[in-house]
**Student:** 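Got a structure for you, written out below as structure tokens; questions coming shortly.
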Amino acid sequence: MKADRIYNFNAGPAALPLPVLEEIQESFLNFAGSGMSVTEISHRSKWFDDVINDAVTRVKRILQLDDRFHVLFVQGGASMQFCMVPMNLLGAGDSADYVNTGTWSTKAIKEAEIQGKSIHVVASSEDRNFAYIPKEIAFTPDAVYAHITSNNTIKGTQWAQFPDTGGAPIVSDMSSDIFSRPLDMDKFGLIYAGAQKNMGPAGVCLVIIRDDLLARTPGDIPTMLRYSTYANKNSMFNTPPCFAIYTVQLVLKWLEETIGGLGKMEELNRKKAGLLYDFIDQSDFYRATADKDSRSLMNVTFRLPSEELEAALVAAALKNGMGGLKGHRSVGGCRASIYNPTPLAAVESLVDFMKTFERDNG
Ligand SMILES: *Cc1c(COP(=O)(O)O)cnc(C)c1O
């Protein structure tokens with residue numbers, strides 16, 4: 001770690017790999033020999049074509065996507081997808097299933113309802129403040145899609161396995177765990193992920209959509225809200241967020257060339273999360289908030305004996321070079337977001353700090 005940087009446990013925007021930040025810094029004034037910054041070049045230039053095409057190629061290679069899938073970059077964040085998904089996929093007489101596992105799922109459901117779309121909330125974990133992922137869900141066989149949130153950033157839960165929907169393609173909000181593990185793409189019709197958790201800076205949302213769902217795009221919705229607009233124009237119908245896409249490209253390159261792909265990434269993520277959960281589990285001072293079988297490998301949520309101690313831990317951690325440990329304002333407590341870029345050393349350092357804090361305050 002560089003002397004003037006901290007270990008960053010922010011939930012989003014979140015830590016990026018240091019080599020990526022250094023490459024951006026190095027190339028910032030003269031991108032690819034252009035004599036211009038990547039923020040100054042035309043999105044219609046060969047330079048930017050190379051960036052976006054390489055990013056798309058890497059997404060396809062990393063997830064082993066076949067030709068049915070299209071890779072799009074859309075603005076408006078994951079929140080825009082809450083409305084675009086039902087707007088594009090559900091016509092008159094169609095319906096979709098939704099599973100409610102927390103704040104973001106609730107928002108996705110609300111956006112479908114605002115449009116008067118026919119949706120069924122087939123399961124929810126709201127009864128226990130979303131501390132678990134529902135099991136044995138009765139999905140609707142002829143639903144156009146089944147929407148889930150694969151990782152619940154705020155509540156600290158994650159789908160360990162993806163559900164059997166009886167045929168409906170899964171549409172998943174993967175904002176906080178995209179590229180954290182290999183995926184069986186046969187189950188998915190559409191995946192979306194805001195970049196700023198696991199993949200890049202804020203300002204761009206990755207959308208992966210299968211042919212048959214893309215074909216549902218209606219012609220009577222605004223051009224900028226149609227998936228087909230992005231698919232037909234390589235995500236450049238209008239000016240794309242060039243800098244954000246460039247950073248995503250570099251993170252994907254890091255994932256492939258430095259980490260070694262999704263298998264290796266998952267191994268490392270399991271190791272990091274295991275270290276933290278094992279420590280919390282053997283302690284009487286810290287308490288993990290999510291059910292064991294539903295725990296997130298990305299966002300580790302935990303409580304201390306009092307809110308005063310929680311605030312004290314967050315402050316003391318920052319003094320020791322570890323930031324971003326405060327839980328989301330809607331749930332309180334503490335949260336360590338340990339996305340792909342977070343190195344093992346950061347988690348080791350956090351566990352050491354938590355041991356000392358317990359000894360001094362327990
Ligand atoms: C952060 C987050 C969102 C919202 O993302 P925006 O890009 O801010 O719209 C949606 N879903 C999940 C799972 C998130 O973690």
Side-chain angles (χ1 to χ4, degrees), residues 8-16 72-87 98-112 114 121 124-126 129-134 145-160 162 170-181 183 188 190-208 224-225 230 235 240-241 243-245 247-248 251 269 273 289-290 294-301 324 326-331 335-342:
N8 176 359
F9 296 98
N10 276 327
L16 287 168
L72 319 176
F73 292 104
V74 183
Q75 298 191 54
S79 299
M80 177 80 103
Q81 295 309 306
F82 297 160
C83 79
M84 273 179 76
V85 165
M87 187 180 285
Y98 278 73
V99 180
N100 191 358
T101 53
T103 313
W104 300 114
S105 310
T106 303
K107 290 190 174 183
I109 290 163
K110 191 171 156 216
E111 290 299 319
I114 285 173
V121 179
S124 166
S125 49
E126 195 170 6
N129 194 23
F130 300 110
Y132 67 100
I133 300 291
Y145 63 86
H147 183 283
I148 64 167
T149 310
S150 55
N151 185 73
N152 298 280
T153 324
I154 293 173
K155 311 294 179 184
T157 64
Q158 186 177 25
W159 292 77
F162 292 102
I170 296 175
V171 169
S172 182
D173 176 358
M174 291 200 186
S175 295
S176 50
D177 68 349
I178 184 86
F179 302 129
S180 68
R181 52 180 166 173
L183 295 176
F188 297 94
L190 191 155
I191 289 169
Y192 60 92
Q196 71 273 20
K197 270 89 184 211
N198 220 6
M199 189 170 54
V204 71
C205 182
L206 174 69
V207 176
I208 298 165
M224 282 294 289
L225 297 178
Y230 295 84
S235 303
F243 180 72
I245 294 171
T247 308
V248 169
V251 171
N269 285 332
T289 59
S294 303
R295 286 172 170 178
S296 168
L297 302 182
M298 302 276 101
N299 309 96
V300 178
T301 49
K326 194 170 185 300
H328 189 270
R329 58 191 185 284
S330 71
V331 290
R335 169 175 57 174
S337 296
I338 50 174
Y339 300 120
N340 285 353
T342 304

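For the numbers below, each heavy atom of this structure counts, side chains included, while hydrogens, waters and symmetry mates do not. First listed ligand is number 1; within each ligand, the first listed atom is number 1.
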**Student:** Go through the structure and list residues passing side-chain hydrogen bond (donor to acceptor under 3.5 Å, both in side chains) with Arg295, not counting sequence neighbours.
**Tutor:**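 Asp281.
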**Student:** Do you see a donor-acceptor pair shorter than 3.5 Å between the side chains of Asn100 and Thr106?
**Tutor:** yes
**Student:** If you measure only the distance, is there a donor-acceptor pair under 3.5 Å linking the side chains of Tyr339 and Asn299?
**Tutor:**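 The criterion, which ignores hydrogens and geometry beyond distance, is satisfied for Asn299 and Tyr339.
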**Student:** So, taking the atom named CD1 in Ile133 and the one named OG1 in Thr157, what distance separates them when rounded to the nearest 0.5 Å?
**Tutor:**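 Going from the CD1 atom of Ile133 to the OG1 atom of Thr157 covers 3.5 Å.
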**Student:** Once side-chain hydrogen bond (donor to acceptor under 3.5 Å, both in side chains) is applied, do any residues pair with Thr342, and if so which ones, sequence neighbours excluded?
**Tutor:**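 Once residues adjacent in sequence are excluded, Thr342 has no partner under the side-chain hydrogen bond (donor to acceptor under 3.5 Å, both in side chains) criterion.
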**Student:** Quick check for students: name every N or O atom pair between ligand 1 and the protein closer than 3.5 Å, with distances.
**Tutor:**
{"from": "ligand 1", "atom 1": "7 (O)", "to": "Ala78", "atom 2": "N", "distance (Å)": "3.1"}
{"from": "ligand 1", "atom 1": "7 (O)", "to": "Gln196", "atom 2": "NE2", "distance (Å)": "2.9"}
{"from": "ligand 1", "atom 1": "8 (O)", "to": "Gln196", "atom 2": "NE2", "distance (Å)": "3.4"}
{"from": "ligand 1", "atom 1": "9 (O)", "to": "Ala78", "atom 2": "N", "distance (Å)": "3.2"}
{"from": "ligand 1", "atom 1": "9 (O)", "to": "Ser79", "atom 2": "N", "distance (Å)": "2.8"}
{"from": "ligand 1", "atom 1": "9 (O)", "to": "Ser79", "atom 2": "OG", "distance (Å)": "2.6"}
{"from": "ligand 1", "atom 1": "11 (N)", "to": "Asp173", "atom 2": "OD2", "distance (Å)": "2.6"}
{"from": "ligand 1", "atom 1": "15 (O)", "to": "Thr153", "atom 2": "OG1", "distance (Å)": "2.4"}
{"from": "ligand 1", "atom 1": "15 (O)", "to": "Lys197", "atom 2": "NZ", "distance (Å)": "2.7"}

**Student:** Listed by chain and number, what are the side-chain hydrogen bond (donor to acceptor under 3.5 Å, both in side chains) partners of Ser296, not counting sequence neighbours?
**Tutor:**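 Only Asn151 meet the side-chain hydrogen bond (donor to acceptor under 3.5 Å, both in side chains) criterion with Ser296.
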